[in-house]
Amino acid sequence: IGAAAVERLRTAPDLDALKAAESELTGKGSELAGVKRGLGGLDADGRREAGQALNRVTAEVAEAAATRRSDLEAAARAEVVQAERLDLSEVRPAHGAGHLHLVTQTMEELEDVFVGLGFEVAEGPEVEDDWHNFTGLNIPAYHPARDMQDTFFVDLGDPGDVVLRTHTSPVQLRVMEQQGPPIYVVVPGRVHRNEARDATHLATFHQIEALVVDRGITFGHLAGTIEAFTRAYFGAGFSSRLRPSYFPFTEPSAEFDIQRPDGSWLELGGCGMVHPQVLRNGGIDPEEFTGFAFGFGIDRLALARHGVADLREILSVDVRFLEQF
Ligand code: PHE
C-alpha cells in the first residue's frame with residue numbers, strides 16, 4: 001500500500017490533484033483506514049506489529065505529500081516570479097512626438113543666422129491696412145501691385161482699406177514708427193497673394209525681410225550684408241550677386257541671386273536702399289539717416305535644400321512626407 005501511495009503523491013501533477021490523492025489515500029474510505037479498522041480483530045502481538053507498520057506507512061505517506069506540496073508550491077512561485085519579471089535592459093523606441101514643419105525650421109534657422117549677424121527679430125500683423133502694405137511704401141493707387149488679382153481684401157467697412165499683407169515690407173514702416181534709428185531688424189512672417197496655386201506659386205507663403213536704418217548706411221553695406229548672410233546660411237562655397245531692378249519703396253533697387261558651388265544660380269529676393277519718402281513716412285529724417293532693406297521667400301528655399309521641386313508639397317499633411325525633414 002505504502003509504495004503505491006507514495007508514488008501517486010510524488011507524481012501528482014498539481015496542488016488540486018495532490019489534495020484529491022491525499023484524501024483518497026488517507027481518508028475514511030481509504031485502504032489505510034480499512035487496515036486501521038482491522039487492527040481490532042488481531043491478537044496483541046499481531047496488533048503491535050501491524051500497528052507499527054501502519055504508523056510507518058502513514059508517516060511515509062504524510063512525508064511524501066508534504067514534499068510534493070512544497071515542490072509544487074515552489075514551482076508555482078517561480079512561475080509567478082518569471083511572469084512578473086521586468087526586463088530593465090529592454091530598449092523601446094521613443095514615442096513619435098512630431099516636430100516643427102520644414103518651413104518653420106527654415107524660418108528659425110534664418111532668424112538664428114540674422115541674430116548672429118546682430119539683428120533683432122520683429123513681427124507685424126497679417127491683416128494690414130492700405131497705408132502700411134501699399135501707400136506708405138510708395139505703392140500708389142494705380143500701381144500694378146495693387147491689382148485686384150494680387151491682393152486679398154478684408155471686408156471690414158471702407159472698401160479696399162484692409163488687406164491680407166502681400167509682403168513683409170509693411171513691417172518696415174511699423175518698426176520705424178515704433179522705434180527710431182538705429183534699426184537692425186529681421187522680420188519673418190506669413191504673406192498672402194490672390195494667385196492660382198501651382199508648382200512655383202502658393203496663395204499663402206512666407207517671407208523674411210531685413211531692415212537697417214542708421215547714420216551713413218550705404219549700398220555697400222547692403223551688398224556686404226547679403227554676402228555675409230549668404231556665407232553664414234548656405235556655406236563658404238556660396239556667394240551672392242545683385243542685379244538692377246525696381247521696387248517702389250527702395251531706390252536704387254536690385255534683385256539678388258545666390259551662386260551655388262556648382263556655379264548654378266538661385267534667384268532669391270529683392271532689395272535696395274530704403275526710399276527717402278518711405279523713411280519720412282516712418283517718421284525718420286532721410287537727411288540724417290539712410291537705410292537698406294531686403295526680403296525673400298522662405299518656402300522655395302526650404303524645399304530646394306531638400307530637392308523637392310513642387311511648392312504645393314508645403315501643404316502636404318502626409319506624415320510620410322513630413323517626417324523626412
Ligand atoms: N517686398 C518685396 C517683395 O515682396 C521684396 C523686397 C523687400 C524688395 C525689401 C525690396 C526691399 O517682392
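As the structure lists them, so they are numbered: ligands from 1, and atoms in each ligand from 1.
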Look only at interatomic distance and state if His167 has a nitrogen or oxygen under 3.5 Å from any nitrogen or oxygen of ligand 1. yes
Arg193 contact mode with ligand 1 (heavy-atom cut-off under 4.0 Å): side chain
Should the pair Phe234 and Phe229 be assigned to parallel (<30°), tilted (30 to 60°) or perpendicular (>60°) ring geometry? perpendicular
Counting only heavy atoms not in Glu287, do more than 12 fall under 6.0 Å of its CD? no
Salt bridge (charged side-chain N to carboxylate O under 4.0 Å, His left out) for Arg305 and Glu109? Distances and angles first, verdict last. CA-CA 13 Å; Arg305 279 192 125 191; Glu109 285 164 19; 3.3 Å; yes
Any salt bridge between Glu7 and Arg10, counting N to O under 4.0 Å? yes
Between His143 and Phe134 (judged by ring centroids, cut-off 6.0 Å), do the two rings come close enough to count as a pair? no
Proximal ligand 1 atoms for Glu209, defined as those under 4.0 Å from one of its heavy atoms: 7 (C), 9 (C)
According to the interplanar angle, ranging from 0 to 90°, do the rings of Phe294 and Phe292 count as parallel (below 30°), tilted (30 to 60°) or perpendicular (above 60°)? parallel
Could you tell me which atoms of ligand 1, counted from 1 in the order shown, lie closer than 4.0 angstrom to a heavy atom of Gly295? 7 (C), 9 (C)
Based purely on interatomic distance, does Gln172 place a nitrogen or oxygen under 3.5 Å from a nitrogen or oxygen of ligand 1? no
Can you list the atoms of ligand 1 that are under 4.0 Å from a heavy atom of Cys271? 8 (C), 10 (C), 11 (C)
Give me the residue, atom name and distance of the protein heavy atom closest to atom 2 (C) of ligand 1. Phe249 CZ, 3.8 Å
Need the ligand 1 atom indices (1-based, order shown) with element for anything under 4.0 Å from a heavy-atom of Gln207. 3 (C), 4 (O)
